Asks: 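So that we are looking at the same thing, I have put the structure below in structure tokens.
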Amino acid sequence: MAACTNRLDKFILSMRLLRNQQLQNERFLSTSVCRPAPEKDSDPPKFTPPPKPVIIDKSKTIILRKFLSPEFIPPRQRTDPFKFYLERKDMILRRKVLKIPEFYVGSILAVNMADPNASGKTNRFVGICIQRGGKGLGATFILRNVINNQGVEMCYEQYSPLIQSVEVLKLEKRLDDNLMYLRDAMPEYSTVDPNMKPETFSTSGEVPVNKIKVRMRPKPWLKRWERPKFNIQGIRFDLRLTPQQMEGAQKRAEPWREYDMMKEYDTSVLEEQIFSEVQSEMSK
Amino acid sequence: MCFLSADPELVVMTFPHLSRSLTGLIAGSAPVFHHRAFSVTAVAAAIQKMTRVRVVDNSSLGNTPHHRPPRVIHVYTKNGVGKVGDTVLLAIKGQKKKALIVGHKMPGDRMTPRFDSNNVVLIENNGNPTGTRIKVPIPTHLRKLEGDYSKVLAIACSFV
């Protein structure tokens, strides 16, 4: 008799637990549309089927990469923004004639320049971009290559009328914004084949970052690249410097500089405006 | 005092121009032979008196090794600074020789190449080159020296 009631109790308990489980599950995943309780006197509401879910297939939609050339962003100065607006207009006029592609420091470019002294009147130079400097119409980029064991660098003005075409043979970024340390690196890192074929790259998605760490020539270097002022990520310091030297270089670190409010220059809003302006002007 | 106990490698690295002289003096260290025969200054400047230059043609005078690198002893310009296309007087292997500058480390005008070494081509007094070929690329704006140094341009292999 006692055993019977025991078992019954257990059964009731388990049923209660199951029901609770069920209720709990239903509470978290309610697949049914929440309907208000029907009013006592009205008819039960008409069955409305749930709206069809809109499936956005992200893999099919192509979002073009937003790129604003760095020379469009004006420096922080006490000049009238109108001056930069006029300069941008001139830059866009030139860009309509000469297509200046999207490129970064570390990409391999080929530039055809009009040269009265060269045979065939055009001069072609292929090299890796080591620096992009200047703002506005005076924007420059430096290409470096090693030809016949001689390192050569050419500084081109982007908006110069002498330039006939700029092609990107390989689009990629590097770990640093400035590759001037390639002058002190082994020559194989600066050598670019002048007859290189252009590689295709996608216009959407992230730009590939080349995480190469370059080997350097023995010291002395042109600059003390190990110092934190240059903040270089792309050199293999462990091959040329002892840990004591690295520590000694860290003595020159100025960790308070990142908190300097006077040096803050937030360009995000300005970039958006200028980007939309440039886009609309270029499409006209 | 601290220098005597310091690591010879470190001392040599901080004083690169002593790399050849001090190595024997530091007690207990074997002579360290460095990759470069001389130290290179950080400042890139155009060519002036006492600059060490690199002879880029295939003349025997320019290519035979000597214990001293060729140095400029006079620059034939109004100021003593030599740029691409200027003549200089070199001291090579104990003799004086004229040369033409074909590239320097100092950045010049935009659209002109900047070389990683100060390049020079040996020349006779009448402007004829001593060597027969220049393998290193030459800047194209040298072509305006068509009259004087046309023979130098003729022996050049590649232009930049």
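Letters A, B, ... are given to chains in the order of the sequence lines, protein chains preceding strands, and every chain is numbered from 1. Model, not experiment: these values are computed from the prediction.
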Asks: Go through the atoms of A:Arg144 and report whether side chain, backbone, both or neither lie under 4.5 Å from a heavy atom of chain B.
Replies: side chain
Asks: Just to be sure I understand the criterion: a residue of residues 121-135 of chain B counts if one of its heavy atoms is under 4.5 Å from a heavy atom of chain A. Which ones qualify?
Replies: B:Lys135
Asks: Taking everything shown except B:Met50 itself, do over 12 heavy atoms lie less than 6.0 Å from its CE?
Replies: no
Asks: Nearest 0.5 angstrom please: A:Asp115 CG to B:His141 NE2, how far?
Replies: 9.5 Å
Asks: Using a heavy-atom cutoff of under 4.5 Å, enumerate the residues of residues 149-160 of chain B that contact chain A, numbered in order, or state 'none'.
Replies: B:Ser158, B:Val160
Asks: Check this for me: A:Lys96, atom NZ, are more than 12 non-hydrogen atoms of other residues, nucleotides or ligands nearer than 6.0 Å?
Replies: yes
Asks: Is any residue of residues 77-86 of chain B within less than 4.5 Å of chain A by heavy atoms, and which ones?
Replies: none
Asks: Can you tell me if A:Tyr265 has over 12 outside heavy atoms packed within less than 6.0 Å of its OH?
Replies: yes
Asks: Using non-hydrogen atoms and a 4.5 Å limit, figure out which bit of B:Asp109 sits close to chain A: side chain, backbone, both or neither.
Replies: neither
Asks: Spell out the residues in residues 152-161 of chain A that have some non-hydrogen atom less than 4.5 Å away from a non-hydrogen atom of chain B, in order of number; otherwise answer 'none'.
Replies: A:Val152, A:Glu153, A:Met154, A:Cys155, A:Tyr156, A:Glu157, A:Ser160
Asks: Taking atom CG of B:Asp148 as the centre, does the number of heavy atoms from other residues, nucleotides or ligands within less than 6.0 Å exceed 12?
Replies: yes
Asks: So, taking the atom named CG in B:Asp116 and the one named CG in A:Asn149, what distance separates them when rounded to the nearest 0.5 Å?
Replies: 11.5 Å
Asks: Write down the atom of A:Asn117, the atom of B:Thr140, and the distance for their closest heavy-atom approach.
Replies: CB-O, 3.2 Å
Asks: About how many Å separate NZ of B:Lys105 and CG of A:Leu222, when rounded to the nearest 0.5 Å?
Replies: 6.0 Å
